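Both counts, for ligands and for their atoms, begin at 1 and track the order of listing. As the structure is a prediction and not an experimental result, all values here were calculated from the model.
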Amino acid sequence: MPAVATPPRAAAAPVTEKKLPAAASHVDFNRITDEQFLIAAEHMKLEDEIQLLLRTPYRELVVQVPVRMDDGHLEMFHGYRVQYNGVRGPYKGGIRYHHEVDLSEVRSLAALMTWKTAIVDLPFGGAKGGVTCDPTKMSRKELQALTRGFTQKIDMALGPYRDIPAPDAGTNAQTMAWIMDEYGKKHGYTPAIVTGKPVNLGGSLGREEATGRGVTIITQEACKAYHINFKGASVAIQGFGNVGSWTAILMHQLGAKIVAVSDVVGGIWSEGGLDIPRVVEHCKSTGSVCGFKGARAIDNEGLLALDVDVLIPAALGGAITRRNVDGVRARLIIEAANSPITPHADEKLHARGIPVVPDILANAGGVTVSYFEWVQNLQQFNWTHEKVNLELEARMLRAWRSVYTRSVEGGTPLRIAAFVDALDKVAQATRQRF
Ligand code: GLU
């Protein structure tokens with residue numbers, strides 16, 4: 001039985017300090033987003049000074065969070081909050097718990113949030129946070145202590161008009177409830193300090209499925225634009241977390257044929273299409289999509305190489321790289337994850353005529369409903385689920401039309417068009433402020 005340590009006893013327990021991770025992952029995300037920025041900035045001939053301002057994060061917080069673990073030992077976690085750019089409004093972006101998170105990845109994700117909020121025209125800047133930890137191996141008690149400790153350490157940089165966190169990979173509504181509670185101890189009841197909260201505690205109806213709903217809306221539009229019949233279209237989805245599973249559920253409801261899904265353990269594939277509600281049930285009861293009856297097993301690499309109409313990477317970054325891009329056979333790719341495709345792979349897909357809808361447009365539904373949640377909290381007035389969905393759809397469609405038109409008129413890939421759209425808005429606000 002693990003010893004439950006009291007403070008004096010625990011002093012003698014072993015102390016673990018995790019080494020500060022140096023670019024833990026095999027992909028340099030910061031380089032990816034910087035390269036994407038430079039391609040677009042060059043294309044639109046953005047002035048050097050504006051480029052310098054937009055390429056530089058405003059503020060980076062690195063904090064250490066000690067947590068007494070269940071077995072009595074003290075663990076030191078490393079956490080980050082990067083406030084990338086706030087010219088268009090308060091900093092906004094999720095908090096990620098993952099064992100490979102480091103400052104460079106958080107910085108790159110914070111930059112993406114800046115462009116994402118601009119594309120859907122939300123009055124927000126961009127930020128991101130992260131803690132290097134493996135939430136799948138931590139108890140509820142440990143996660144709560146970590147979240148409260150992290151909140152205390154970044155408290156001075158947060159605020160409903162300063163910086164508003166949200167969930168990301170490895171965090172959820174429960175994590176947000178702890179952040180709100182911890183922040184409230186010092187500042188009083190402040191639901192607008194965080195979005196993606198449980199609906200009971202001031203969260204918005206429709207926030208949980210918002211990213212998947214946005215991905216679905218954009219996929220329907222992209223299918224129309226690239227002459228794919230959405231009804232009956234074969235779709236493969238990599239990742240079955242919040243974004244992947246909701247995308248699968250909503251697309252299945254609308255008549256697309258989800259032929260394959262996967263998670264960290266592995267994947268399943270059925271040419272005739274998977275019964276998604278049953279896959280969700282199976283995943284809830286076993287913890288993975290694997291072993292679903294009536295489907296064949298497929299690994300993540302196999303899924304990415306399936307001959308499908310639509311491929312949706314909805315897991316972590318760096319899924320499609322120079323290593324596996326030649327195996328991709330999809331007709332259309334929708335980036336539901338952040339940075340799933342490296343610039344080199346992106347170029348290869350473009351050369352082969354495979355359209356890619358970029359992350360900053362495709363997955364902007366989450367932060368869009370976060371904006372609605374923030375607005376509801378500030379007004380202390382709740383919207384119906386229907387109103388949330390309608391407003392989300394209107395914003396996603398507007399953003400899609402503007403990016404797609406720009407791409408057709410300029411003869412550029414959607415990613416460049418999306419970046420130009422975003423940089424234009426942030427640059428304009430910068431010029432007006434300086
Ligand atoms: N983490 C999500 C994203 O990457 C949502 C951010 C938010 O709602 O602030 O877009």
Report the nearest protein non-hydrogen atom to atom 8 (O) of ligand 1: residue, atom name, distance rounded to 0.1 Å.
-> S370 OG, 2.6 Å
Which of the ligand 1 atoms, numbered from 1, are nearer than 4.0 Å to a heavy atom of N338 = 4 (O)
What do we get for K128 next to ligand 1 when only non-hydrogen atoms under 4.0 Å count, side chain, backbone, both or neither?
-> side chain
Any idea which atoms of ligand 1 are less than 4.0 Å away from a heavy-atom of G93?
-> 9 (O)
Closest approach of any protein heavy atom to atom 1 (N) of ligand 1, naming residue and atom | D168 OD1, 2.8 Å
What do you reckon, does A166 have a nitrogen or oxygen under 3.5 Å from a nitrogen or oxygen of ligand 1?
-> no
Is D121 paired with R395 through a side-chain N to carboxylate O contact shorter than 4.0 Å?
-> no
Hey, does T151 have a side-chain heavy atom less than 4.5 Å from the side chain of K185?
-> no
Nitrogen or oxygen atoms of K92 and ligand 1 under 3.5 Å apart = yes
By number and element, which atoms of ligand 1 are closer than 4.0 Å to a non-hydrogen atom of K116?
-> 3 (C), 4 (O), 10 (O)
May I ask you to identify the nearest protein heavy atom to atom 5 (C) of ligand 1, giving residue, atom name and distance to one decimal place in Å?
-> R207 NH2, 3.6 Å
Evaluate the side-chain proximity of V243 to N363: yes if any heavy-atom separation is below 4.5 Å, no if none is.
-> no
Report, in ascending order of atom number, the atoms of ligand 1 lying under 4.0 Å from any heavy atom of M113.
-> 3 (C), 4 (O), 6 (C), 10 (O)
Looking at CE of M138 and CD of E75, how far apart are the two atoms once the value is rounded to the nearest 0.5 Å?
-> 7.5 Å
Would R148 and D181 pass as an ion pair if we require N to O under 4.0 Å?
-> yes
